[in-house]
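First listed ligand is number 1; within each ligand, the first listed atom is number 1. Residues take their numbers from the sequence shown, with the count starting at 1.
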Amino acid sequence: MKNTWPDQRIQNLFGIKIPIIQAPMAGAQGAEMAIAVCRAGGLGSLPCAMLSPEEIKSEFEKIKSETKNPVNLNFFCHRSPPLNIAGALNWKKELASYYKELGIDPNENVSTFNRIPFDDKTCELVLELKPEVVSFHFGLPKSELMKKLKDAGIKIISSATTVEEAIYLEENGCDAIIAQGVEAGGHRASFLNEDIHTQVGSIVLVPQIVDAVKIPVIAAGGISEARGIAAAFALGASAVQIGTVYLFTPEAKISPVHLKALKNFKQHHTVLTNIFTGRAARGIANRMTREMGPMNDLAPVFPGAGVAMAPLRAKTEPMGSGDFIGMWSGQGAGFGREMGAEDLTLKLSEEALQRL
Ligand SMILES: Cc1cc2nc3c(=O)[nH]c(=O)nc-3n(C[C@H](O)[C@H](O)[C@H](O)COP(=O)(O)O)c2cc1C
């Protein structure tokens with residue numbers, strides 16, 4: 001099919017054929033999904049927030065051995081909070097009745113959450129690997145690191161959830177902005193203001209950001225099929241970033257209980273909740289979000305809330321229970337289709353082009 005995308009700025013910037021970016025989804029996918037999307041001509045992404053440096057390197061090399069097309073490495077940029085022991089103990093106390101119900105010893109040692117923000121060491125590794133694109137979640141790293149990446153010719157993108165954040169990202173060196181509407185699955189990317197009441201839907205966020213910045217805008221949040229992609233372009237976006245519907249592909253690495261909840265989405269709905277990690281994230285409503293949240297002021301700041309949650313999940317997930325898991329999902333999960341990530345990318349592109 002002829003390439004008739006009405007705006008080709010992102011395709012030209014990244015050197016890709018299809019203006020679809022597969023959203024990086026930490027804990028839910030690895031190299032396989034990125035390879036499939038790159039092969040289709042979209043931008044495949046490898047989420048690195050929960051990987052060790054050795055794992056980042058080997059996953060990246062796996063991708064590059066399978067495809068020569070551009071790839072995106074994704075990192076978190078949250079500020080690591082000072083350890084608040086009293087807050088952590090208080091949170092554990094709040095969860096005590098669940099520990100008791102499940103017969104878990106509250107003094108049992110748990111491995112702590114491995115979500116390290118992008119730092120000097122990670123930057124060195126990225127400079128060695130030289131991906132074509134790096135994307136950040138929760139803001140940007142310090143300016144020296146931005147400069148090093150830019151000097152190496154790497155394109156940098158990050159998500160904005162408000163117009164104010166978009167202007168900040170443009171002023172601080174981004175090549176393009178992901179406008180993350182509140183429909184999106186996973187964590188809100190917010191970094192200037194974490195008040196969830198500031199968060200708005202894609203249909204109002206995308207055009208306001210397009211009007212406020214000069215660099216290209218990538219629409220994200222609830223975009224799940226051809227009509228959503230065409231609408232994003234009509235709103236002024238130059239590309240889309242899609243997450244939730246890729247969770248239905250065989251390349252996704254989510255637990256059977258999470259996949260089942262996605263497939264039965266008609267019986268579910270999503271909520272913004274901070275109880276699993278300490279930051280607002282959109283996931284499928286479950287027992288925990290109903291009884292402890294969805295938002296809870298006592299949840300320690302990101303990623304601290306996850307420490308006391310980990311044993312509850314570890315005990316119940318293998319039993320097929322989704323009661324204690326943050327089952328991330330956007331509001332568009334009802335559009336999920338079961339097919340490989342390469343075919344899904346091609347199909348979304350073909351169907352969107354027909355509409356445009
Ligand atoms: C399971 C899951 C995990 C996610 N993890 C990340 C991540 O590691 N890094 C990131 O930048 N965005 C992450 N996101 C957010 C996506 O980048 C994107 O904003 C979102 O998926 C778009 O909305 P949609 O899910 O409705 O398509 C995640 C989303 C989901 C659904």
Side-chain angles (χ1 to χ4, degrees), residues 20-30 33-34 37 42-51 56 59 72-78 113-118 133-140 156-161 165 169 174 177-191 199 201-203 205-206 217-225 228-229 231-232 237 239-249 251-255 258-259 261-262 265 270 272-273 276-277 279-284 302-303 325-336 344-345 348:
I20 294 179
I21 297 157
Q22 163 251 314
M25 296 184 282
Q29 49 109 181
M33 189 182 289
V37 175
L43 186 69
S45 304
L46 179 71
C48 300
M50 292 168 78
L51 302 182
I56 296 172
E59 289 288 281
N72 168 36
L73 292 189
N74 172 259
F75 299 91
F76 286 1
C77 277
H78 57 288
F113 252 28
N114 169 28
R115 280 178 186 157
I116 315 246
F118 188 81
V133 183
V134 163
S135 73
F136 292 112
H137 214 35
F138 316 133
L140 292 174
I156 302 173
I157 58 177
S158 182
S159 292
T161 67
E165 287 177 348
L169 295 178
C174 279
I177 288 166
I178 306 154
Q180 193 201 34
V182 76
E183 305 92 327
H187 285 101
R188 303 302 304 142
S190 320
F191 57 95
Q199 304 295 286
S202 299
I203 202 159
L205 183 68
V206 173
V217 174
I218 299 156
I223 301 168
S224 319
E225 41 92 69
I229 300 173
V240 292
Q241 176 159 300
I242 298 179
T244 297
V245 291
Y246 279 102
L247 295 175
F248 290 77
T249 67
E251 288 87 351
K253 290 180 174 162
I254 55 174
S255 64
H258 188 174
L259 185 60
L262 286 165
F265 194 68
T270 63
L272 279 183
T273 179
F276 296 108
T277 63
R279 278 188 88 108
R282 186 172 294 285
I284 294 175
F302 183 85
I325 316 171
M327 292 185 286
W328 301 153
S329 166
Q331 291 177 331
F335 292 107
L344 177 64
T345 311
L348 288 170

* **Heavy-atom nearest neighbour in the protein, as seen from atom 1 (C) of ligand 1, with distance rounded to 0.1 Å** => W328 CB, 3.5 Å
* Asked: Which atoms of ligand 1 are found less than 4.0 Å from any heavy atom of G222?
  -> 23 (O), 24 (P), 26 (O)
* Asked: Are G332 and ligand 1 in contact, using a heavy-atom cut-off of under 4.0 Å?
  -> no
* F248: ring pair (Phe, Tyr, Trp, His ring centres under 6.0 Å) partners, not counting sequence neighbours -> none
* Structure fact -> Heavy-atom proximity to atom 19 (O) of ligand 1, picking from M50, Q22, Q180, M327, points to Q180
* In terms of ring plane angle, is the pair F302 and F76 parallel, tilted or perpendicular, where the classes change at 30° and 60°? -> tilted
* Polar side chain donor-acceptor pair, Q22 to Q29, under 3.5 angstrom -> yes
* Structure fact -> atom 25 (O) of ligand 1 sits nearest the protein heavy atom T244 OG1, 2.6 Å
* Using a strict cut-off of 4.0 Å, indicate which atoms of ligand 1 neighbour a heavy atom of I242. => 27 (O)
* Structure fact -> Going by the 4.0 angstrom heavy-atom rule, the piece of F136 near ligand 1 is neither
* To do: Under 4.0 Å from a heavy atom of G221: give me the atoms of ligand 1 that qualify, with their elements.
  => 22 (C), 23 (O), 26 (O)
* To do: Identify the protein heavy atom lying closest to atom 4 (C) of ligand 1, giving its residue, its atom name and the separation to 0.1 Å.
  => M25 CA, 3.4 Å
* Would you mind finding which of G185, A49, A189 brings a heavy atom closest to atom 20 (C) of ligand 1? => G185
* Structure fact -> If you compare G27, A219, P24, A23 by their heavy atoms, the one closest to atom 13 (C) of ligand 1 turns out to be P24
* Structure fact -> Residues passing the ring pair (Phe, Tyr, Trp, His ring centres under 6.0 Å) test with Y246, sequence neighbours excluded, are none
